[in-house]
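By convention in this document, chain letters (A, B, ...) are assigned in the order of the sequence lines, proteins followed by strands, and residues within each chain are numbered from 1. Note that this is a predicted model, so its numbers are computed, not measured.
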Amino acid sequence: MEQPSISGKVRVRFAPSPTGQVHVGNARTALFNWLFARQQGGTFILRIEDTDLDRSEARYETQLIEDLKWLGLDWDEGPDVGGPYPPYRQSDKWQVYQDYAERLVSEGKAYRCFCTQEELERQREEALQQHLQPNYPGTCRNLAPEEVERRRAAGEPCAIRLKIPERPIRFHDMVRGWVEFSNEVVSDLIIIRSTGVPVYNYVVVIDDAEMKITHVIRGDDHLSNTPKQVALYEALGWEVPEFAHLSTILGPDKERLSKRHGATSLANFRDMGVLPEALMNYMALLGWAPTGGDREIFSPIELVEEFDLTRVTPSSAVFDFEKLYWLNRHYIKVGVPERIAEIAEPFCLRALGIDKPTSDVRTWLAHVTAALASSVNKLDELPERAASIFHFDPAAAIAAPENAEVLNTTSARAVVYIFVAKILAESEPISADRFKSLIKEVQKETKIKGPALFHPIRILLTGAQSGPEFDKLVPLMEEGSRLELPKPILSVKQRVVAFEALQS
RNA sequence: GGCGCUAUCGUCUAGGGGUUAGGACGUGAGAUUCUCAAUCUUAAAACCCGGGUUCGAUUCCCGGUAGCGCUACCA
């Protein structure tokens, strides 16, 4: 059997329900839709699936749009931008669902069902006990029209069910090939509840068809429901779209990725200081690889060019935070410094307790970021990396046993003695080069070099035995010390003075 | 229970009837550095099991197993 021809221009949609934050799994679905649309020169549509009114909230919709935009996606039609096939929010079109359902009933393709939920539940359990597929037995399938009218007139509540044809249902999936379901496992499904509220599986079909969706790209949790939807397309006499069911994203324990595993929503990643292009690159690599499979770095534009839906893996994938961080590091390094600084700024401001930074403070933080960001996985680690600059507590430094051990050697005393004298004789600010030559002088005068020389000085200046290079640290300390901050940054000299005060 | 989907290093994957089964993350070792991180070099590491088909299967087919999903008047 041939693959059905794709008629007309590509139109795809991402149809989330606005229930909280955008999960990475959904974000990846959105991304694949977007990539496919952009590369095919098609249309990408955002549609809000809010049939589940209990769980939907308007503010979630706003956040959802914000998060998707943050990732770098844009759409041609949606609740915020409009489009030729409104509405882009399901709650706005209940009447349409009623009308199509009535049409199916009048054409004999659907029927009214008076079975009560208790009855159905009983039948279901019986079938399960006999190890049978718990199908609807078809009780109301062939009721006489007069009886239907009589019972309706009597006020008996009824739902509307679709008649599933007596033949297997098959459809094409771009990532899995042809999928076939025997009709024995698909039974007549309710499309309108007795309350009048339409059911999801029915609503998607109407929406997708009305919006002329050509490719339904979604999570594989919808795969088993697809035959029902195909039956609906056929009953309505509509062309069945092409499908692409994307695999699930799992946590390290192979369970569906969830909050239990840590960060899972776009907002979480943004708040961790993960760059959107890193996340996008990583998500694209989850289930997709270019021919050859030996390239990992793809900018959004490159993804649009290289991405191929038919090459997407059908098997589920474990989300690997380490690999995401590796990509993030890469994008932090190659990113425009001004932009990286801007994204990093809030993390530093929070750590320093600054509400309204002056432009001098912002410039200084940009320098801090430029110097240190390349060694950080995510930008929220920056304050920690800059701890030797941001915080200075000589008393605690001296008290720490591992530091005392270093400081209490004769060579360390000699180094500290000379070093302190030299710094105190300096006029401020001390440049990185000047600092370097001072260390050289200390080395010459004490004949001490290597760790024995640097370690005591590092402890004296930062309170720690490890951290960024002095070349980077010194200018940042000097610049920071000229700023007015809630908790001042100390210059090299001020640090030495504070240290000396404790020694005497 | 039934049905469906899936199965290559720890992880993401490339590949495909005959290959030294390739790349990346991570891990180990080394280099560099005052130190940490970063960086560079390098090593270890995989075709789920059983039957077929075939001269030859990791690759194709069937079965098993396992994981996941669906099985609603949930979405």
Side-chain angles (χ1 to χ4, degrees), chain A residues 15-17 19 49-52 54-56 90 113 115-117 120-121 124 127-136 157-161 173 175-176 179-182 184-187 189-201 203-204 219-228 245 247-248 250 252 254-256 282 285-297 311 313-327 329 333 372-377 381 384-385 388 439 449-459 462 464-470:
Chain A
S17 36
T19 53
E49 212 127 288
D50 59 352
T51 353
D52 186 357
D54 296 343
R55 286 199 277 172
S56 302
Q90 285 174 333
C113 173
C115 298
T116 63
Q117 288 187 50
L120 293 168
E121 186 51 37
R124 196 184 126 80
L128 237 31
Q129 256 165 22
Q130 292 170 42
H131 298 190
L132 293 170
Q133 180 81 22
N135 283 342
Y136 176 64
C158 64
I160 298 179
R161 271 185 200 274
D173 188 293
V175 342
R176 284 154 220 272
V179 183
E180 183 171 301
F181 285 78
S182 144
E184 284 142 35
V185 303
V186 190
S187 67
L189 67 143
I190 286 182
I191 57 175
I192 305 274
R193 297 181 178 91
S194 51
T195 54
V197 180
V199 154
Y200 170 80
N201 276 314
V203 164
V204 239
D220 69 355
D221 46 334
H222 292 276
L223 190 61
S224 298
N225 281 324
T226 307
K228 297 176 186 172
H245 287 97
S247 66
T248 318
L250 310 175
K254 309 277 170 113
E255 300 264 349
R256 227 194 163 94
Y282 180 70
L285 255 25
L286 269 188
W288 173 81
T291 341
D294 53 358
R295 214 180 132 199
E296 313 283 333
I297 308 285
R311 282 182 62 85
T313 337
S315 54
S316 45
V318 173
F319 194 94
D320 182 1
F321 287 89
E322 291 303 326
K323 186 154 185 178
L324 168 64
Y325 296 156
W326 170 73
L327 279 165
R329 231 152 47 211
K333 278 176 201 150
L372 305 180
S374 65
S375 60
V376 116
N377 281 332
E381 293 168 10
E384 196 190 321
R385 186 72 189 151
S388 8
I439 297 236
K449 57 179 180 177
L453 169 68
F454 282 89
H455 260 146
I457 293 176
R458 178 173 287 281
I459 292 170
T462 72
Q465 295 194 34
S466 65
E469 303 89 318
F470 287 129

In B/S/- notation (B base, S sugar-phosphate only, - none; protein heavy atoms under 4.0 Å), nucleotides 40-47 of chain B written 5' to 3' is --------
Ring geometry between A/Y200 and A/H222 (parallel below 30°, tilted from 30 to 60°, perpendicular above 60°):
tilted
Exercise for the section: Could you check whether A/D221 gets within reach of a base, just the sugar-phosphate, or nothing at all, counting any heavy atom under 4.0 Å? Expected result: sugar-phosphate
Could you check whether A/G287 gets within reach of a base, just the sugar-phosphate, or nothing at all, counting any heavy atom under 4.0 Å? sugar-phosphate
Residue set satisfying salt bridge (charged side-chain N to carboxylate O under 4.0 Å, His left out) with A/K228, at least two apart, ordered chain then number -> none
Atom CD of A/E121 and atom C1' of B/rU71 are separated, to the nearest Å, by 13 Å
5'-most contact on RNA chain B (nearest-nucleotide basis), A/T195 vs A/L128, goes to A/L128
Under 4.0 angstrom between A/R295 side-chain N/O and B/rG22 OP1 or OP2 = no
The nucleotide from B/rG23, B/rA75, B/rG69 with an atom nearest the side chain of A/H222 is B/rA75
Quick tally for nucleotides 3-10 of chain B: nucleotides whose base has a protein heavy atom under 4.0 Å get B, sugar-phosphate-only ones S, the rest -, giving SSSSS---
Of A/T291 and A/T248, the one whose nearest nucleotide on RNA chain B sits closer to the 5' end is A/T291
Reading nucleotides 33-39 of chain B from 5' to 3' and marking B where a protein heavy atom lies under 4.0 Å of the base, S where only the sugar-phosphate is that close, and - otherwise, the string is -BBBBSS
Considering every strand and a 4.0 Å limit on heavy-atom distances, what is the contact class for A/N201: base, sugar-phosphate, or nothing? base
**OP:** Using a 4.0 Å heavy-atom cut-off across all strands, classify A/L453 as base, sugar-phosphate, or nothing.
**Re:** nothing
Sequence neighbours excluded, the answer for salt bridge (charged side-chain N to carboxylate O under 4.0 Å, His left out) partners of A/R311 is none
Less than 4.5 Å apart, side chain to side chain, heavy atoms only: is that true for A/D320 and A/Y282? yes
- How about A/T248 and A/D220: does a side-chain donor come under 3.5 Å of a side-chain acceptor? yes
Pairs: protein N or O with nucleotides 28-32 of chain B N or O, under 3.5 Å:
none

